[in-house]
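Taking it in order: structure first as structure tokens, then the write-up.
Quantities reported herein were computed from a predicted structural model and do not represent experimental measurements. Here is the naming used below: chain letters follow the sequence lines, and residue numbers restart at 1 for every chain. Values below: all heavy atoms of this structure, side chains included; hydrogens, waters and symmetry mates excluded.
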Amino acid sequence: MDQRVRVRFAPSPTGHLHIGGARTALFNYLFARHHGGDFIVRIEDTDQKRNVEGGEAKILDSLRWLGLEWDEGVDVGGPHGPYRCMDRLAIYREHAERLLAEGKAYYCYCTEEELAAEREALKARGEMPRYLGKCRNLTPEQRAAYEREGRKPSIRFRVPEGREYVVEDLVRGTVRFETSGVGGDFVILRPDGIPTYNFAVTIDDHLMGITHVIRGEEHLSNTPRQLMIYEAFGWEPPRFAHLSLILNPNRQKMSKRDESIIQFIEQYRTLGYLPEALVNFLVLLGWAPEGEYAEQEFFSLDELVRLFSLERVSKAPAVFDPERLRWMNNHYLRQRPAEEVAKLAHPHLAAAGRLPEVLSDDQWRWLVDLVTLFQEQMGCAADIVPLSELFFREDVVYNEEAKAVLAESHVPTVLAAFRREAEALTDWNAGAVKNALKAVQKATGHKGKQLFMPIRVAVTGQTHGPDLAQTLFLLGRERVVSRLIRALDALATG
RNA sequence: GGCCCGUUGGCGAAGUGGUUAACGCACCAGAUUUUCAAUCUGGCAUGCAGGGGUUCGAAUCCCCUACGGGUCACCA
């Protein structure tokens with residue numbers, strides 16, 4: 001590459017960073033870093049109706065959390081600013097006027113209602129909805145008349161007729177578009193002076209020296225319009241790479257209101273997913289490493305920077321598999337010190353009313369032990385809540401399987417023996433509890449499953465669970481003994 | 001409807017003319033562990049949406065059909 005690579009991520013500040021946006025940002029970031037180029041973040045805020053207060057800050061925050069630092073852009077500045085469309089209005093106006101002067105654009109006085117009616121009529125006749133070019137050749141008199149009516153014009157780009165525009169897409173290959181299929185002359189500047197996406201994006205990309213446009217597939221059909229604009233200005237267009245969509249587990253496009261899946265990075269963050277897990281998961285959505293790395297599942301950001309290339313990006317849509325994300329996050333969670341995971345888990349336990357917001361030293365140590373107990377089973381930090389339920393509940397509920405275990409004849413003997421041992425312990429700690437279990441084995445002659453299951457079930461109500469001695473220790477002597485007594489009573493009364 | 005794109009096991013997903021069709025998840029079976037988890041080993045597509053071609057040879061190239069998706073705005 002004879003030119004320094006410059007790519008950008010250009011979200012609109014409509015709220016939180018979406019999974020799809022995060023992947024696009026990640027691919028841009030990796031591409032830039034791989035080639036030693038620049039990664040720019042620009043805010044596409046030209047739809048004022050959809051802009052959300054604070055949306056920009058949230059998106060930037062999520063990007064940083066993922067570890068995707070940018071070299072230039074909003075809030076870090078740079079030589080090609082401003083990096084927010086709404087701060088660039090004069091630039092768009094100036095460029096639109098240049099097209100106007102050259103006859104490559106014209107004023108259009110149609111109202112939105114009129115245009116909508118036109119589209120409807122076309123659709124009703126089974127034709128492609130498009131702009132028919134009503135204002136394409138207005139005489140000065142006609143224009144004056146519209147002006148007198150008080151109509152404010154938009155500016156439309158004059159689409160060349162009978163042309164073909166070819167996108168040499170880096171992931172999709174050669175894609176051709178007939179000019180007749182793009183929907184007619186399109187608006188570049190609205191009556192209020194705010195540009196439309198297609199206009200703003202090409203001017204910004206050009207002025208910011210963007211060399212590669214890596215974005216979602218939904219923009220593929222916008223590309224010919226942008227190509228026309230590059231052509232009209234005599235600019236060389238960048239290379240394009242359109243990433244396939246991310247589908248939900250039902251193989252449908254993820255819409256923002258899709259309830260079947262958690263879609264925003266911020267939500268994963270609060271649930272206790274780790275950024276490296278998200279990055280690792282996201283990059284595999286439509287990209288696969290080459291050769292010997294094809295079998296590898298886990299990649300660090302640095303490794304990804306080294307391995308990433310657009311040639312390895314798939315055209316096929318990627319399916320978002322939440323189970324896989326959990327599995328991946330579990331992998332990274334297990335590598336973290338328990339203290340860190342405990343910090344992530346604490347807010348969830350507090351929110352569930354199980355622990356205070358502020359912990360004493362003892363409570364903190366207890367929490368760390370609790371997390372250690374469940375760490376290898378956690379898909380995310382929030383999982384601690386359901387996993388640790390039995391530690392916070394007074395009543396133990398026995399399911400059928402549990403009842404079957406308790407019904408065995410040797411159970412009362414084991415429970416009673418363990419109760420005696422538990423009550424006699426001078427110091428209640430994990431090691432002591434373990435010894436107590438050994439003592440019960442010696443006293444009753446029951447061992448293994450025969451020994452552990454009755455106690456586990458009586459105390460936790462479950463036939464599955466983490467290490468018993470540790471569980472009993474964390475439960476605390478009082479709770480253990482009272483549950484043993486209750487189980488014993490229940491068995492006695494039958 | 002026009003134009004674009006996709007379709008590999010229960011699931012995700014490699015594989016772009018010649019491989020026993022990777023790998024992971026899930027599942028099943030053994031091993032280990034005084035229980036439970038974890039861990040380890042092994043098993044798991046006679047077939048790549050369906051049908052036609054091209055070729056000595058096709059998941060890989062071409063055509064048709066089906067299904068799924070994108071896009072056709074003064075949204076990005």
Can you tell me if the side-chain N/O atoms of A:S180 get under 4.0 Å from OP1 or OP2 in B:rG2?
-> no
B:rC36 phosphate, OP1 or OP2, under 4.0 Å from A:Q462 side-chain N/O | no
Step through it carefully: locate the ring centre of A:F186, locate the ring centre of A:F157, and say whether they are under 6.0 Å apart.
-> yes
Whom does B:rC74 pair with, Watson-Crick or G-U wobble, provided both distances fall under 3.5 Å?
-> none
Span that lies between the C1' atom of B:rC27 and that of B:rC63, in whole angstrom | 40 Å
Counting any heavy atom closer than 4.0 Å, what does A:E376 reach on the DNA or RNA strands: base, sugar-phosphate only, or nothing?
-> base
Protein-to-nucleotide contact annotation, 5' to 3' order, nucleotides 8-14 of chain B [B base; S sugar-phosphate only; - none; under 4.0 Å, heavy atom] = ---SSSS
Short side-chain N/O contact from A:H464 to OP1 or OP2 of B:rA37, under 4.0 Å | yes
Would you say B:rG6 has OP1 or OP2 under 4.0 Å from some side-chain N or O of A:K315?
-> yes
When all nucleic acid strands are considered with a 4.0 Å heavy-atom cut-off, which category describes A:K123: base, sugar-phosphate, or nothing?
-> nothing
Could you give the CZ-to-C1' distance, from A:F299 to B:rC23, as a whole number of Å?
-> 10 Å
Can you tell me if A:D205 uses its side chain to pair, donor with acceptor, with the backbone of A:I210 under 3.5 Å?
-> no
How about A:Y273 and A:Y332: are their ring centroids closer than 6.0 Å?
-> no
Counting any heavy atom closer than 4.0 Å, what does A:R334 reach on the DNA or RNA strands: base, sugar-phosphate only, or nothing?
-> sugar-phosphate
Decide, yes or no, whether a salt bridge links A:R93 with A:E97 under the criterion of side-chain N to carboxylate O below 4.0 Å.
-> yes
Would you indicate what A:R172 reaches in the nucleic acid, counting non-hydrogen atoms under 4.0 angstrom: base, sugar-phosphate, or nothing?
-> sugar-phosphate
Describe the nucleic acid contact of A:C108 in one word from base, sugar-phosphate, nothing, applying a heavy-atom distance below 4.0 Å.
-> nothing
Within this structure, what is the NE2-to-C1' distance between A:H242 and B:rG6, rounded to whole angstrom?
-> 16 Å
Determine: side-chain N/O of A:K449 to OP1/OP2 of B:rC36, distance under 4.0 Å, yes or no.
-> yes
From the list A:R136, A:R130, A:K104, A:R158, salt bridge (Lys or Arg N to Asp or Glu O under 4.0 Å) with A:D185 holds only for A:R136
How is A:L468 classified with respect to the nucleic acid when contacts are heavy atoms under 4.0 Å: base, sugar-phosphate, or nothing?
-> base
Using a heavy-atom cut-off of under 4.0 Å over every strand shown, decide if A:I188 touches base, sugar-phosphate, or nothing.
-> nothing
Pairwise side-chain contact, A:F374 with A:P466, heavy-atom cut-off 4.5 Å (strictly under) = yes
Scan A:E112 against the nucleic acid and name what it touches under 4.0 Å (heavy atoms): base, sugar-phosphate only, or nothing.
-> base
Please determine, for the side chain of A:E217, which listed nucleotide (B:rG70, B:rU35, B:rC3) has the closest atom?
-> B:rG70
What does A:D192 touch in the nucleic acid at a heavy-atom separation under 4.0 angstrom: a base, only the sugar-phosphate, or nothing?
-> nothing
Hey, does A:P191 reach any base, or is it just sugar-phosphate, or nothing, if we go heavy atoms under 4.0 Å?
-> base
Within this structure, what is the CZ-to-P distance between A:F374 and B:rC36, rounded to whole angstrom?
-> 16 Å
Quickly work out the A:E290 CD to B:rU16 C1' distance and round it to whole Å.
-> 13 Å
Span that lies between the C1' atom of B:rA66 and that of B:rC28, in whole angstrom = 35 Å
Return the value, rounded to whole Å, for the distance between atom CD of A:Q226 and atom P of B:rA73.
-> 15 Å
Side-chain N or O of A:K49 less than 4.0 angstrom from OP1 or OP2 on B:rC74?
-> no
For A:T460, report the nucleic acid contact type (base, sugar-phosphate, nothing); a contact means any heavy atom under 4.0 Å.
-> nothing
Whole angstrom value for the distance that separates P of B:rA37 from CG of A:N330 | 15 Å
Give one of base, sugar-phosphate or nothing for A:T46, where a contact means two heavy atoms less than 4.0 Å apart.
-> sugar-phosphate
Could you tell me whether the phosphate oxygens of B:rC74, OP1 or OP2, come under 4.0 Å of any side-chain nitrogen or oxygen in A:R156?
-> yes
Partner of B:rU34 by Watson-Crick or G-U wobble geometry, both contacts under 3.5 Å, or none?
-> none
Pair partner, B:rG68 [Watson-Crick or wobble, under 3.5 Å] | B:rC5
Name the pairing partner of B:rC27, where a pair is Watson-Crick or G-U wobble with both distances under 3.5 Å, or state none.
-> B:rG43
Would you please indicate yes or no on a ring centroid separation below 6.0 angstrom for A:F308 and A:W287?
-> yes
Tell me what A:L245 touches on the nucleic acid: a base, only sugar-phosphate, or nothing, going by heavy atoms under 4.0 Å.
-> sugar-phosphate
Whole-Å distance, A:R119 CZ to B:rG2 P, equals 20 Å
Measure the acute angle between the ring planes of A:F298 and A:H331, then classify it against the limits of 30° and 60° as parallel, tilted or perpendicular.
-> parallel
Shortest side-chain distance from A:M453, nucleotide among B:rC74, B:rU35, B:rC4 | B:rU35
Touch check for A:Q252, heavy atoms < 4.0 angstrom, all strands: base, sugar-phosphate only, or nothing?
-> sugar-phosphate
Between A:T179 and A:G162 the two heavy atoms that sit nearest each other are CG2-N, 3.0 Å
May I ask you to check whether A:Q462 and A:Y398 show a side-chain donor-acceptor distance below 3.5 Å?
-> no
Is the A:H212-A:F240 ring centre distance short of 6.0 angstrom?
-> no
Pair assignment for B:rU55, Watson-Crick or G-U wobble, requiring both distances under 3.5 Å = none
Closest to the A:E295 side chain: B:rA22, B:rU7, B:rG70?
-> B:rA22
Give the nucleotide from the list B:rA76, B:rC72, B:rU35 with an atom nearest to the side chain of A:R50.
-> B:rA76
Tell me: CD of A:E218 to P of B:rG6, nearest whole Å?
-> 16 Å
